[in-house]
Peer 1: 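The structure follows.
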Amino acid sequence: MDLSVLTRPSPRTSLPRTLARIVLGLMLVGAGVSHLTVARDEFQAQVPGWFPVDEDVTVLASGVVEIAIGGSLVVLSRWKVAVGLVAAAFFVVIFPGNVAQWLESKDGFGLDTDAKRLARLPFQAVLIAAALWSTGAWSALRRAGRADDRSDG
């Protein structure tokens, strides 16, 4: 796989993709700021009981990461493919916290029943897809795969 495709400056994209990337970035910045301020207790409900780091430290660190990724989605348009891959990976990495909130029956953000906590889980896939689509990372991954196929032939 030609990974250089993923780190090259990105070509221009459509207005819907650009708007989706910026909205996703702003949502991440907002969530990150709330990690550090008004919603620290709520976010602690998403830290798995088995996670070996203090809940508050985890929430603060993940808030900083969310701000960095969100800000990068907004301002680093030239590197949007690489940032999109990082954002998608972040959504994958935090998914166990959402599963743990469901399995451990922890309330947070109005998710006060197991049914609500379970119903929320598929939306993580939507965030991953949004990060990959809005940044052109899906297309870049396909191009990288095709380049690899050509070099094997």
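If you read the sequence from its start, that first residue is 1, and numbering goes on from there.
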Peer 1: Output, in order, the C-alpha distance, side-chain angles, deciding distance and verdict of side-chain contact (heavy atoms from CB on, under 4.5 Å) for I94 and Q124.
Peer 2: CA-CA 9 Å; I94 64 171; Q124 202 73 8; 3.4 Å; yes

Peer 1: Compare every heavy atom of G84 with every heavy atom of L132, then report the nearest pair and how far apart it is.
Peer 2: CD2-O, 4.3 Å

Peer 1: Any ring-ring contact (aromatic ring centres under 6.0 Å, His included) involving residues 45-77? Give me the pairs, sequence neighbours left out, ordered by first then second residue.
Peer 2: none

Peer 1: Hey, are the side chains of K80 and R17 touching, using non-hydrogen atoms and a 4.5 Å cut-off?
Peer 2: no

Peer 1: How close do S72 and A68 get, counting heavy atoms only, and between which atoms?
Peer 2: OG-O, 2.8 Å

Peer 1: If two hydrophobic side chains count as joined below 4.5 Å and joins carry through other members, does L60 share a cluster with F43?
Peer 2: no

Peer 1: Who else is in the cluster with L111 when I, L, V, M, F, W and Y are joined by side-chain contacts under 4.5 Å?
Peer 2: none

Peer 1: I need the minimum non-hydrogen distance between A140 and V81, along with the two atoms involved.
Peer 2: CB-CG1, 3.6 Å

Peer 1: Honestly curious: do W102 and I128 fall in one hydrophobic cluster under the side-chain, below-4.5 Å linking rule?
Peer 2: no

Peer 1: Using the rule that two of Ile, Leu, Val, Met, Phe, Trp, Tyr join whenever any of their side-chain heavy atoms come within less than 4.5 Å, decide whether L141 and W133 are in one cluster.
Peer 2: yes

Peer 1: Return each pair, listed once, that meets salt bridge (charged side-chain N to carboxylate O under 4.0 Å, His left out) where at least one residue sits in residues 94-105; pairs must be two or more places apart or across chains.
Peer 2: E104-K106

Peer 1: Is there a path from L127 to V83 through hydrophobic residues (I, L, V, M, F, W, Y) whose side chains come within less than 4.5 Å of each other?
Peer 2: yes

Peer 1: Give the other cluster members for V126, using side-chain heavy-atom distances under 4.5 Å between Ile, Leu, Val, Met, Phe, Trp and Tyr residues; answer none if it is isolated.
Peer 2: F123

Peer 1: How would you list all residue pairs meeting salt bridge (charged side-chain N to carboxylate O under 4.0 Å, His left out) that involve residues 26-42, not counting sequence neighbours?
Peer 2: R40-D56

Peer 1: Scan residues 122-131 for pairs that pass salt bridge (charged side-chain N to carboxylate O under 4.0 Å, His left out), counting only residues two or more places apart or in two chains.
Peer 2: none

Peer 1: Report all side-chain donor-acceptor pairs from residues 18-27 shorter than 3.5 Å, counting only partners two or more places apart or in another chain.
Peer 2:
| unit_1 | atom_1 | unit_2 | atom_2 | d |
| --- | --- | --- | --- | --- |
| T18 | OG1 | T13 | OG1 | 3.2 |
| T18 | OG1 | S14 | O | 3.0 |
| R21 | NH1 | L73 | O | 2.5 |

Peer 1: According to a 4.5 Å side-chain heavy-atom criterion applied to Ile, Leu, Val, Met, Phe, Trp and Tyr, with indirect links allowed, do L118 and V99 form part of one hydrophobic cluster?
Peer 2: yes

Peer 1: Please list, one pair per line, the donor and acceptor atoms closer than 3.5 Å that link side chains of residues 28-35 to other protein atoms, with sequence neighbours excluded.
Peer 2:
| unit_1 | atom_1 | unit_2 | atom_2 | d |
| --- | --- | --- | --- | --- |
| S34 | OG | G30 | O | 3.4 |
| S34 | OG | A31 | O | 2.7 |
| H35 | ND1 | A31 | O | 2.8 |
| H35 | ND1 | E66 | OE1 | 2.9 |
| H35 | NE2 | S62 | OG | 3.3 |
| H35 | NE2 | E66 | OE1 | 3.2 |

Peer 1: Of all the heavy-atom pairs spanning A88 and A131, show the shortest one and how long it is.
Peer 2: N-CB, 3.9 Å

Peer 1: Any chance you could measure W79, atom CH2, to L85, atom CG, to the nearest 0.5 Å?
Peer 2: 13.0 Å

Peer 1: Looking only at heavy atoms, which two atoms of V92 and P96 are closest? And how far apart?
Peer 2: O-CD, 3.5 Å

Peer 1: Looking at residues at least two apart in the chain, or sitting in another chain, which of them share a salt bridge (charged side-chain N to carboxylate O under 4.0 Å, His left out) with D112?
Peer 2: K116

Peer 1: Residues two or more places apart in sequence or in another chain: which of them pass ring pair (Phe, Tyr, Trp, His ring centres under 6.0 Å) with F95?
Peer 2: none

Peer 1: Mind checking what makes salt bridge (charged side-chain N to carboxylate O under 4.0 Å, His left out) contact with R117, not counting sequence neighbours?
Peer 2: D107, D114

